[in-house]
Structure formats: structure tokens, C-alpha cells
Amino acid sequence: MRSPSLGRLAAIGLATSFVLPGLALAQQAPAPGWAQGRPDSMAGSSLAPHAPKLTATPADQLPTAALRVPQGFKVELWASGAPGARMMTESPNGTVFVGTRTLGRVYAISEEGGQRRVRTIASQLTDPNGVAVRDGALYVIAINRVLRFDGIEGKLDAPGTPVDMTAAFGLPSEAHHGWKFAAFGPDGRLYMNIGVPCNICDYNRATHALIVSFNPDGSGRRIEAQGIRNSVGFDWNPQTRELWATNNGRDWAGNDTPEDTLHRIRRSGEDFGFPYCAHGWRDPAITSGPATCAEFAQPVALLGPHTAALGMRFYTGTQFPEAYRNQIFIARRGSWNRERLSGYDVVVAELDANGAVIGVEPFLTGLRDEANNRFLGRPVDVLVRRDGSLLVSDEQNGAIYRISYGN
Amino acid sequence: MSRGKLAAATVLAAALFAPGGAGAAGDAAHGKALATERDCGQCHGPQGISVMPDIPSLAGHPEEFITLQLILFREGIRDTPPMPALTQGLTDQQVEDLAAFYASLPPGHAERGPRDAARYAAGAALAERLRCGTCHLPQFQGRAQMPRLTGQREDYLVHALTEYRDGTRRGTDTNMNAVMYGVSDTEIAALAHFMAQQE
């Protein structure tokens with residue numbers, strides 16, 4: 001179709017942006033985040049971020065029937081009526097806490113008599129995307145706020161005033177890429193991303209484009225990964241305890257450049273190269289920094305251009321066939337900065353015995369309508385429940401699907 | 001319920017054909033009744049065309065834009081009195097119905113001053129530089145979460161653009177804040193004049 005000419009267009013765009021000195025970019029009034037770094041040759045592009053949906057989608061209007069999973073698996077609706085549902089975490093009691101972005105809410109979803117009950121336990125927050133549970137407390141991380149709801153299980157109906165830990169964590173306040181994924185590591189520390197406050201720019205590499213960890217009280221900040229543009233999903237390899245993370249590549253460098261990536265962080269503080277490099281591709285928009293990408297750690301897998309690879313978990317359950325044990329499920333929310341839609345699915349990264357990624361395969365599909373270049377839903381996170389089933393949150397529809405195997 | 005079936009059919013059609021993803025879900029007739037009951041027209045005009053200074057016209061906006069803004073008011077995220085108070089108690093369905101009603105009304109101007117050639121030209125140049133037409137479309141009629149600009153009151157456009165520039169308002173994302181960064185009062189006045197003079 002239009003791909004060959006688009007390829008040429010992208011190449012011209014790269015050549016144009018090559019001559020733009022990074023310093024000049026920094027001195028101009030900032031372009032809107034979605035348009036930043038866009039070459040003049042793409043000025044006429046009508047690509048723009050898709051609108052969120054902040055109202056509830058009734059269960060009978062969900063795309064559940066369109067969902068496809070491999071033979072032997074079953075996918076069904078688990079919960080609906082949770083607009084904007086994104087990152088998920090499960091408490092020891094089985095309550096699933098869910099963060100959102102624009103809508104500003106946090107949900108608690110519990111099972112009562114075979115039904116799911118959705119409660120809004122916090123609201124009016126700025127992008128409370130990060131949720132994590134430890135020692136009976138729910139941690140909610142908004143853009144620059146950290147709230148702790150102690151003993152949350154006992155007060156889902158009236159959570160009360162949380163402990164405000166914002167000052168202790170001292171997070172940056174930029175809204176752009178400021179929403180957090182958060183989780184407690186096997187070392188008991190609280191990990192979160194700090195995304196870059198632009199599409200592509202020179203920025204302080206010690207304060208942004210990081211994965212950082214803290215003691216649960218907000219002290220002892222440590223950089224776990226550097227030069228990682230925006231990671232909105234990570235998990236620890238259950239066998240090696242190594243941190244693995246997804247990362248979103250930048251926009252406006254062409255339909256197929258760069259790709260989103262999967263990273264294995266072998267040591268604390270490892271540098272993955274943003275803004276200079278993405279998976280070995282030297283970004284011409286940044287003229288400062290090293291001439292090549294040789295000094296930076298490489299991703300372990302490419303996850304497709306503009307796919308928005310977000311939530312990821314190692315499969316630690318026993319319900320799915322043995323072949324899935326310790327493989328990685330990854331939710332791809334789906335593209336906007338690409339003429340043909342990409343993503344809008346859940347893939348599984350297959351690891352060999354040495355932890356090398358030997359393939360990335362589709363797992364949950366059906367939300368991308370290829371014929372009409374439309375999407376029916378946007379998967380943001382995956383969560384392995386204690387019973388071994390896999391939950392998938394669909395932000396666009398405010399729904400959560402459950403994938404099970406066997407009976 | 002026939003209404004439920006009709007709504008479901010509408011949603012399926014919208015999901016397949018609307019730009020991007022899921023689309024319209026509201027019932028304009030229900031929205032009209034609700035707008036009458038809540039007297040929205042007292043400020044916004046009975047046909048969604050405002051005659052009150054600084055109160056926006058709603059006629060002909062994209063349905064998604066109206067839905068999203070009403071939800072931001074109701075959730076206390078867009079804090080512009082009296083709208084947060086007036087939207088309390090609205091269900092999601094009622095919000096979508098109101099949005100469908102106002103989206104269905106023909107846009108137009110209640111009152112408009114004469115064109116000032118110099119300000120119009122300055123506004124046109126600024127609209128080009130800021131690439132307003134990329135998201136709001138070349139005729140500035142808006143799409144999805146991006147509002148209609150043509151037909152809007154000039155004083156309201158000044159008000160809204162100033163709020164975006166000053167960071168006292170954000171949309172469903174922060175893109176407008178970045179667009180308006182560093183734009184002067186004079187430039188905002190020119191841009192609003194240019195937009196308000198569009199047909």
C-alpha cells in the first residue's frame with residue numbers, strides 16, 4: 001500500500017532532523033509533547049494521540065467476543081465499570097487494586113459470591129497510575145505524590161485519609177511521562193519509573209529517563225536503570241531475581257523506527273542509552289553525546305514500532321502449560337504515531353534456559369481491526385493471580401479480562 | 001429495552017468507523033430532555049450557542065470532547081465553578097446523552113464583531129505556526145477530544161487559551177499547555193479573533 005513511499009518520507013524526515021542542533025531544540029518554546037521531535041517533512045501528518053474514554057462501557061458493549069487466545073485457553077470478562085483501568089496489583093486477600101491516569105481514580109476490585117465488586121477508593125489524583133501493596137498497605141503513586149493507605153483491606157468502604165509520603169519521595173513534578181509504574185522488588189524496595197519529560201530532548205540524565213528504587217519510607221533513592229526513556233512495566237525474573245523492564249521508544253522518527261524494547265537489567269545503574277541511542281540506532285535528533293552506541297547496554301528483545309509495550313509479568317503460576325513457566329507476558333497498548341496501527345494485544349516473550357529471549361509471540365489478539373485500521377480496546381497491564389489465571393486490563397473500555405487454561 | 005439495543009448498535013457502528021477507537025455512545029433525545037431539566041441553556045443558550053460573555057458555545061463540538069470535559073468537571077479534575085457542582089450526580093450515560101445532544105446541534109455565532117484585518121492576519125500566521133489544524137483539523141471543526149474552534153465566542157477563546165498558557169487548565173493531556181507556552185496576550189487575542197471569524 002503506502003508503506004514504500006512512507007518509508008522514503010521517513011528517511012527524508014530523518015535527514016532534516018539531522019541538521020537541527022539539539023541545543024536549538026532546547027532553547028525554543030517546547031513543542032507539544034506529541035509533536036516534539038517531528039521533522040518538517042512530517043508537519044502535515046494528521047497523526048495525533050487517541051482520545052481516552054473516561055465513561056463506563058456496559059458489559060454487553062465490550063469487545064469480549066472479539067478476543068482470541070491460543071488453543072486450550074479461555075478468555076472471559078472478569079470486571080467492567082472501571083473506566084480508565086490501567087496498572088494492577090493483587091493483595092494477599094485477592095483484592096485487585098487498579099490505577100488510572102486522566103480520570104484520577106484508584107479502584108479496588110474484590111470477589112463477592114462469584115461476582116466482582118468495583119469500588120473507587122481514591123479520586124481527584126493526578127495520574128495515579130502506580131499501585132503497590134506491602135505489609136497490608138496500599139501505596140498509590142500519582143505524578144509527584146505518594147500516598148499510603150495502611151490496613152487497606154479492612155476499610156475498602158471508607159479508606160480514610162492516607163499517609164502523605166510525597167515529601168519523603170521527592171519525585172519530579174513534570175506531567176509529561178510523569179505517571180509511574182510501581183512495584184515492590186524481591187529486596188523489599190519500592191521501584192518506579194521516572195520518564196523523560198519530552199518526546200526527544202537533552203535532559204538531566206541523573207533525574208529523568210530512569211528506573212529508581214526507594215526504601216518503603218522514601219529514603220535511600222537508587223538508580224536501577226538509566227537512559228531508559230519511559231518504562232511503564234517491569235518485573236523480576238523469579239529464577240535470577242534480575243529486573244526486567246519494557247520501554248517506550250520515541251515518536252516521529254518514522255513508522256518503523258525506533259522499536260519499543262524489552263530490557264534485562266543485569267546490574268543496578270546500567271545505562272541503556274536514551275536519548276542518544278535506542279537498540280543500537282543512533283538518534284540523529286541529538287547531536288551531543290557519543291558518536292556510536294557501543295557503550296550502552298542493549299535490549300534483549302524488540303517489541304515492535306510504536307506499540308506502547310507497557311505492563312509485563314513473568315508467569316509464575318502453575319495453571320498454564322509448563323512451557324509458559326517463567327515466560328513474560330507483555331501488554332501492548334497500541335500505537336498512535338504510526339499510519340498502520342500496531343500493538344493492541346498481549347504478547348509472550350519466550351526465554352530459553354539461560355534467560356535469553358528466543359521469540360516474541362502473540363497471545364491475546366482481536367482488539368486490532370486490521371481491515372479498518374481501528375482498535376476495539378487498549379491492553380495496559382497483565383497480572384498473574386494466585387490461582388494462575390492471567391488478568392488483562394483494557395484502559396479504553398474500563399474492563400479487565402481473565403485468561404485461564406483447562407477447566 | 002429497545003433503547004439499550006439501539007445504543008448498542010450505535011456503539012458498534014461507532015467502534016468500527018470512528019477515528020481511532022470507540023466512539024459515540026449517547027442518546028441525543030435523552031440529552032435534550034436532560035439539558036432542559038438542568039437548564040444548561042440558561043448560560044450556554046437553548047441551542048448551545050452562548051450569548052453570555054466568557055461562556056462557551058457547545059453546539060457542534062465533537063461528542064467525545066463534551067463527554068470528556070463533563071467527566072473532568074464531575075470528577076473534580078477541571079475545577080471551573082460552577083461546572084463541578086452542576087455536574088455532580090450525573091451518570092456516565094447522562095453525560096454521554098448530553099454530549100450527543102450538543103454535538104448534534106448546528107454550530108453558529110450569536111454575535112460577532114467586524115473583522116480586523118491586521119489581527120486576523122496575525123492570528124492566521126500564528127495558527128499556522130502553532131499547527132492548530134493538525135489536531136483541530138484544517139477547518140478547525142475539531143475531532144474526538146479536540147474541540148471545535150470555529151463558531152466559538154472570541155472572548156471565551158481568549159479565556160481558554162490564556163488558561164492553557166498559564167497552566168491553570170489542562171485537557172485530557174497536557175498538549176495544549178505546551179502549544180501555548182510563551183504565547184503573548186496580544187498573540188492570544190489575534191488567534192482568538194482569527195478562529196472566531198472562521199465560518
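On a predicted model such as this, the values are computed, not experimentally measured, just so you know. Proteins get letters first, then strands, A, B, ... in listed order; numbering begins at 1 in each.
T174(B) contributes no side-chain N or O that, together with a main-chain N or O of A175(A), makes up a donor-acceptor pair within less than 3.5 Å. No donor-acceptor pair closer than 3.5 Å links the side chain of E64(B) to the backbone N or O of K53(A).
Interface residue L103(A): backbone and side-chain heavy atoms are both found under 4.5 Å from chain B. The contact between L72(B) and chain A is made entirely by side chain atoms (from C-beta outward), counting heavy-atom distances below 4.5 Å. Both the backbone and the side chain of E75(B) come within contact range of chain A, judged by heavy atoms closer than 4.5 Å. Only the side chain of R105(A) comes within contact range of chain B, with heavy atoms under 4.5 Å apart. Of the atoms belonging to T67(B), it is side-chain heavy atoms, and not backbone ones, that fall under 4.5 Å from chain A. There is no contact between P63(A) and chain B, counting heavy-atom distances below 4.5 Å. Contacts of R74(B) with chain A are made by side-chain atoms alone, with heavy-atom separations under 4.5 Å and no backbone atom involved.
When all heavy atoms of L68(B) and P52(A) are compared, the pair lying nearest together is CD2-O, 3.5 Å. In this structure, I77(B) and T102(A) approach most closely via the heavy-atom pair CD1-O, 3.2 Å. Pairing each heavy atom of D92(B) with each of A56(A), the nearest pair is OD2-N, 2.6 Å. Across all their heavy atoms, R143(B) and A48(A) have their closest contact at NH2-CB, 3.8 Å. For the pair Q145(B) and P49(A), the tightest heavy-atom approach, listed with the atom from each and the gap, is NE2-O, 3.1 Å.
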**Asked** Run the side chain to side chain contact (heavy atoms under 4.5 Å, CB included) check on R170(B) and T126(A) step by step: do they pass?
**Response** CA-CA 11 Å; R170(B) 57 178 277 196; T126(A) 306; 3.5 Å; yes
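Rounding to the nearest 0.5 Å places OG1 of T172(B) at 9.0 Å from CZ of R101(A).
Surrounding CD of Q42(B) are at most 12 heavy atoms belonging to other residues, nucleotides or ligands under 6.0 Å away.
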